[in-house]
*Asks:* 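Here's a structure for you.
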Amino acid sequence: MAVPPTLQGFFHGNGDLHDGEHQVLPNRKFGRFANLPWTSATPVMNPSFLFLRKALPLTDHIFLLHSCNGLLLFGHLPNAYYNTTELNLSFIVCNPAMEQWVAVPGCGCIDDELSFILLNMQISLLFDPAVSSHFHLVLFWDNVDVGGIGTATIHTYSSKAGAWSHSDTDWSEEEKHGPWEGWRVRQMVSENSILCGRALVNGLLYMILGNNMILQIDEQGKTRRIIPAPKVRVDAANYVVFVGQSQGLLHCIVEQGHEVVPSLLAIDGSRVRRRRWRSRGLSVWVLQDSDTQEWIFKHRMSTLQLFGKRSCRRRDGYHVVTMHPDCNLIYFIRHRDAQMISYDIDRHEVHALQYFEDDYGPITPSNTITLIPYVPYLSELFVGVLGGHK
């Protein structure tokens, strides 16, 4: 009996869209794939995406946005090198293991500079082969007014229908849309307004809102629930740093800690106060039942053990890349030297993996790195789908 494919590695690239003063296209760097140590040195797909490069004109530009159960989502900019002022963002979904792909038109509602689009757009690919051979895209677009108030409009795409659906309405009307949609109108400069992270579990999309709320969203973009994050400690700040699917269940990783303001002696003899983050560790929780919203504690780990003393002083000294879909392994990137590490929950072991510093340098707010996990899907897809290619 054949063993089903599992996590093979990570596509990686740099997310910088500026060269100092001017907007530039995202890097079109094919072949940047990091294999996990225990997988085959030859991946089950060709990371150069030669089948896409042959099919698209040389003037087109594509860049990787998301992955889900073996499919990859690319942003697609037709004729981008000759026309950088009027960029018409569309998409491509492909199965690199089978060299199949399908073009997805733009939603028709986004018209702005590319850097602004990628800042205000959250798009997720939803694909569960156990449920259907079709995929969905769920796109949130934040319209921000002069006062910094953002209103998220929803745009969803179904490969079965081959068309976008739009919901551009007043989400503040709770009596009309229900109690869960009010989050779409929010103050964008607030830390509690940030929408990030994503996981697909049982056909539902989970995303982090702010520091301690998790949204449950269906394939039509409707909010089913807003789930409070686990309350780890009442005497410390709790920040959700990751949500992901592992072994069929939603996992949540929370960092606990607090800021301290020590008084330091400056060169001139004066006293200077600097804020420092003091971490109390990370904890892993599992959502056993989304209806009861019951979180089950799974494990606690020390940031000192994971990242060393220097990286414990800042809450932004690392980020969680993913959790292994089939076992209790967590993958992190340590920012100061761009090193990937893994942590084995069962054995309480830390393993150093690949360095990305030679490619990208240390990770900072202005120098980010995108790592997208890849699990092959070894079946024919897009058969009969409008616009499907092989």
Side-chain angles (χ1 to χ4, degrees), residues 4-5 7-13 25-35 42-81 87-108 110 114 117-118 121 123-139 155-165 198 200 205 219 370-390:
L7 183 65
Q8 296 292 302
F10 303 88
F11 293 98
H12 56 96
L25 294 171
N27 290 329
R28 182 175 177 170
K29 292 180 178 177
F30 296 102
R32 287 184 170 253
F33 185 81
N35 285 293
T42 304
V44 296
M45 51 78 204
N46 184 348
S48 69
F49 298 103
L50 185 61
F51 65 99
L52 274 180
R53 296 169 67 182
K54 289 180 176 179
L56 298 175
L58 291 176
T59 55
D60 284 16
H61 191 89
I62 64 172
F63 51 99
L64 193 54
L65 291 170
H66 191 211
S67 69
C68 186
N69 290 324
L71 301 191
L72 303 178
L73 172 65
F74 288 89
H76 179 211
L77 296 169
N79 204 29
Y81 289 99
L87 296 174
N88 180 23
L89 179 63
S90 57
F91 305 96
I92 287 174
V93 175
C94 83
N95 180 1
M98 305 303 292
E99 298 193 350
Q100 294 177 303
W101 63 280
V102 61
V104 177
C107 68
I110 298 174
L114 181 62
I117 289 174
L118 297 184
M121 178 187 72
I123 185 166
S124 299
L125 170 64
L126 279 60
F127 173 62
D128 187 348
V131 176
S132 171
S133 61
H134 293 281
F135 66 85
H136 293 81
L137 302 181
V138 177
L139 187 155
H155 313 278
T156 59
Y157 180 86
S158 164
S159 65
K160 184 176 183 179
W164 287 90
S165 299
R198 49 202 165 187
L200 181 66
L205 176 67
E219 60 192 26
T370 300
L371 287 148
I372 296 180
Y374 175 65
V375 177
Y377 180 64
L378 303 177
S379 295
E380 294 286 334
L381 202 60
F382 307 137
V383 176
V385 173
L386 183 65
H389 301 271
K390 181 176 181 180

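This is a predicted model, so every value here is computed, not measured.
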*Asks:* Counting distance only, does the side-chain N/O of His66 pair as donor-acceptor with the main-chain N or O of Leu125 below 3.5 Å?
*Replies:* yes
*Asks:* Nearest 0.5 Å please: distance from the CG atom of Leu52 over to the NE2 atom of His76.
*Replies:* 9.0 Å
*Asks:* Which one of Ser165, Pro105, Cys107 satisfies the side chain to side chain contact (heavy atoms under 4.5 Å, CB included) criterion with Tyr157?
*Replies:* Pro105
*Asks:* Verify whether one side chain among His134 and Ser159 offers a donor that lies under 3.5 Å from an acceptor in the other.
*Replies:* yes
*Asks:* For the residue pair Leu65 and Ile372, establish whether any side-chain heavy-atom pair is separated by less than 4.5 Å.
*Replies:* no
*Asks:* Do Gln8 and Pro376 make a side-chain contact, defined as non-hydrogen atoms from C-beta onward lying under 4.5 Å apart?
*Replies:* yes
*Asks:* If you measure from CZ on Phe51 to CH2 on Trp101, what distance do you get to the nearest 0.5 Å?
*Replies:* 9.0 Å
*Asks:* Got a second to check how far Ser132's OG is from Phe127's CZ, nearest 0.5 Å?
*Replies:* 7.5 Å
*Asks:* Quick one: are Thr370 and Phe11 in side-chain contact, heavy atoms under 4.5 Å?
*Replies:* no
*Asks:* State, with a plain yes or no, whether a side-chain heavy atom of Leu139 is found less than 4.5 Å away from one of Thr156.
*Replies:* no
*Asks:* Quick one, Leu77 and Asp60 - any side-chain contact, counting heavy atoms below 4.5 Å?
*Replies:* no
*Asks:* Over all heavy atoms of both residues, which pair between Val104 and Phe135 is shortest? Give the atoms and the distance, please.
*Replies:* CG2-CZ, 4.1 Å
*Asks:* Is Asn35 close to Phe10 at the side-chain level, that is, under 4.5 Å between some pair of heavy atoms?
*Replies:* no
*Asks:* Donor-acceptor pair, distance only, cut-off 3.5 Å: does the side chain of Asn69 make one with the backbone of Pro129?
*Replies:* no
*Asks:* How close do Ser48 and Arg53 get, heavy atom to heavy atom, and via which atoms?
*Replies:* O-CD, 3.2 Å
*Asks:* Looking at CG of Leu72 and CE of Met45, how far apart are the two atoms once the value is rounded to the nearest 0.5 Å?
*Replies:* 7.5 Å
*Asks:* Quick check: does any side chain N or O of Ser67 sit under 3.5 Å from a backbone N or O of Pro373, one acting as donor and the other as acceptor?
*Replies:* yes
*Asks:* Can you tell me how far CG of Leu205 sits from NE2 of His136, rounded to the nearest 0.5 angstrom?
*Replies:* 12.5 Å
*Asks:* Could you tell me which non-hydrogen atom of Phe91 sits nearest to which non-hydrogen atom of Met121, and how far apart they are?
*Replies:* CZ-SD, 4.3 Å
*Asks:* Just how far is it from atom CD1 of Ile123 to atom CG of Leu137, taken to the nearest 0.5 Å?
*Replies:* 5.0 Å
*Asks:* For residues Tyr374 and Pro96, report the shortest heavy-atom separation together with the two atoms involved.
*Replies:* OH-CG, 3.5 Å
*Asks:* Over all heavy atoms of both residues, which pair between Ser379 and Gln100 is shortest? Give the atoms and the distance, please.
*Replies:* O-OE1, 4.0 Å
*Asks:* Provide the closest heavy-atom pair for Phe74 versus Cys94 in the form atom of the first, atom of the second, distance.
*Replies:* CE1-SG, 3.7 Å
